[in-house]
Amino acid sequence: MKLSIQNITKTYANGVKAMHQISFDLTPGMFGLLGPNGAGKSSLMRTLATLQFPNEGQIFFNDLDIFKNKIVYRKQLGYLPQEFGVYPKESASGLLNYFAILKGIASKKDRAIIVDKVLEITNLQDAKHLRVSTFSGGMKQRFGIAQLLLNKPKVIIVDEPTAGLDPAERTRFLNVLRSIGSENIVLFSTHLVEDVRELCRDMAVINKGKLLAQVSPKAATEKLEGKVWETALSVEDLEAQKQQFTPLSNRYDDANRLITRFYSESHPSIACDAVQPKLEDFYFLTLKNV
Ligand code: ADP
């Protein structure tokens with residue numbers, strides 16, 4: 001099973017180039033689409049959900065051109081947009097039953113089975129009689145996943161699902177995604193490196209509409225072995241050395257000194273320590289190389 005994105009370009013009517021010749025393949029497993037706000041993540045996801053069309057390029061689900069076979073493809077698709085509708089004062093199980101009718105599951109018995117199953121997968125059994133309008137942010141996101149699972153999609157696309165969730169809700173949500181990610185193609189977007197590090201077998205970094213990297217989180221950090229350093233030198237001293245290295249991030253140490261983390265291929269000629277590379281380092285470096 002494969003979703004193949006080939007040379008997708010999109011320029012909106014206002015002239016914004018939201019995607020520029022984006023190509024990559026998705027296979028079953030968790031795939032993270034990482035990029036800052038405005039990078040083009042939602043544009044790509046709406047395109048993959050066939051809700052908008054590219055100016056150029058094609059997308060194939062196995063051998064199927066998704067834009068020429070929208071109806072067939074959409075039966076295999078589950079899409080959770082960033083803003084997930086309004087929440088009526090209906091119970092979770094009542095609402096899921098209603099969605100199941102809309103999705104064409106005619107038998108009452110079949111609906112009861114699938115509704116039970118998706119409540120179990122999303123860990124919402126205990127809340128099934130509660131009104132969805134009373135749910136917390138994390139429960140609403142899990143409910144969003146429950147409704148998209150009703151027709152057993154093979155391709156699941158989730159736009160920035162962890163935005164605004166507190167840490168406990170975020171973990172619970174990511175665990176739900178993990179549980180559905182083994183057999184299906186699951187693509188989710190985020191601006192949080194931690195989401196990708198914890199969850200994904202593969203990831204892509206996009207910014208300004210361009211695909212900057214596609215790599216596994218493990219390979220990404222391995223690439224940087226021996227090339228990430230930290231120094232407590234003053235900002236002025238660093239400015240003078242700028243040619244030598246690429247600054248990645250800053251932090252304060254226990255003595256309240258500003259520590260700068262930077263990338264350099266070889267050992268720099270300043271006082272510094274080699275440190276263990278992190279996925280954040282790869283992300284910041286990739287964004288700088290535009
Ligand atoms: P992200 O999801 O990474 O934040 P988006 O895909 O939402 O990025 O946006 C990419 C760029 O396209 C941004 O500059 C945004 O303002 C612009 N954009 C998004 N949707 C539209 C639209 N419907 N019309 C015009 N510009 C848009």
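Read the numbers this way: they start at 1 and go in the same order the structure lists the ligands and their atoms. Computation of the quantities below employed the complete heavy-atom set of this structure, encompassing side-chain atoms and omitting hydrogens, waters and symmetry-equivalent molecules.
Contact check on Lys10 versus Glu56 returns no salt bridge, with no Lys/Arg side-chain nitrogen under 4.0 Å from an Asp/Glu carboxylate oxygen. Between Lys278 and Glu194, none of the side-chain N atoms (NZ, or NE/NH1/NH2) sits under 4.0 Å from a carboxylate O, so this pair counts as no salt bridge. The pair Lys41-Asp159 does not count as a salt bridge, with every side-chain nitrogen at least 4.0 angstrom from each carboxylate oxygen.
Residue Ala39 has at least one heavy-atom neighbour below 4.0 Å for each of these atoms of ligand 1: 1 (P), 3 (O), 8 (O). Less than 4.0 angstrom separates some heavy atom of Val16 from each of these atoms of ligand 1: 11 (C), 12 (O), 14 (O), 17 (C). Distances below 4.0 Å separate heavy atoms of Ala18 from the following atoms of ligand 1: 12 (O). Of all atoms in ligand 1, listed by their number and element, those nearer than 4.0 Å to a heavy atom of Asn37 are 4 (O).
Within the structure, the closest approach of Arg46 to ligand 1 falls below 4.0 Å when heavy atoms are considered. In this structure, Gly35 has no heavy atom closer than 4.0 Å to ligand 1. Heavy-atom distances between Pro36 and ligand 1 reach below 4.0 Å in at least one pair.
Each of Glu230, Arg261, His267 was scored for a side chain to side chain contact (heavy atoms under 4.5 Å, CB included) with Cys272, with one residue passing: His267. Of the candidates Ile270, Leu285, Asn250, Phe262 forms a side chain to side chain contact (heavy atoms under 4.5 Å, CB included) with just one, namely Ile270.
In this structure, the side chain of Glu225 does not engage the main chain of Glu222 through any donor-acceptor pair within 3.5 Å. Counting only distance, with no hydrogens or angles, the side chain of Asn97 and the backbone of Ser93 share no donor-acceptor pair below 3.5 Å.
Distance from atom 8 (O) of ligand 1 to its nearest protein heavy atom, with residue and atom name: Gly40 N, 3.1 Å. Regarding atom 7 (O) of ligand 1, its nearest protein heavy-atom neighbour is Ser42 CB, 3.7 Å. Looking only at heavy atoms of the protein, atom 19 (C) of ligand 1 is closest to Tyr12 CE1, 3.5 Å. If you check which protein heavy atom lies closest to atom 13 (C) of ligand 1, you get Gly38 O, 4.0 Å. Of all protein heavy atoms, the one closest to atom 25 (C) of ligand 1 is Asn14 ND2, 3.2 Å. Atom 6 (O) of ligand 1 has its closest protein heavy atom at Ser43 OG, 2.6 Å.
Side chain to side chain, Gln214 and Asp202 meet the donor-acceptor criterion of an N or O pair below 3.5 Å.
Not a single protein heavy atom sits closer than 4.0 Å to atom 16 (O) of ligand 1.
At a heavy-atom cutoff of 4.0 Å, ligand 1 is contacted by no atom of His191, backbone or side chain.
When the side chains of ILVMFWY residues are joined at heavy-atom separations under 4.5 Å, either directly or via intervening members, Leu102 and Leu149 end up in a single hydrophobic cluster.
Side-chain rings of Phe245 and Tyr263 stay apart, their centers remaining 6.0 Å or farther from each other.
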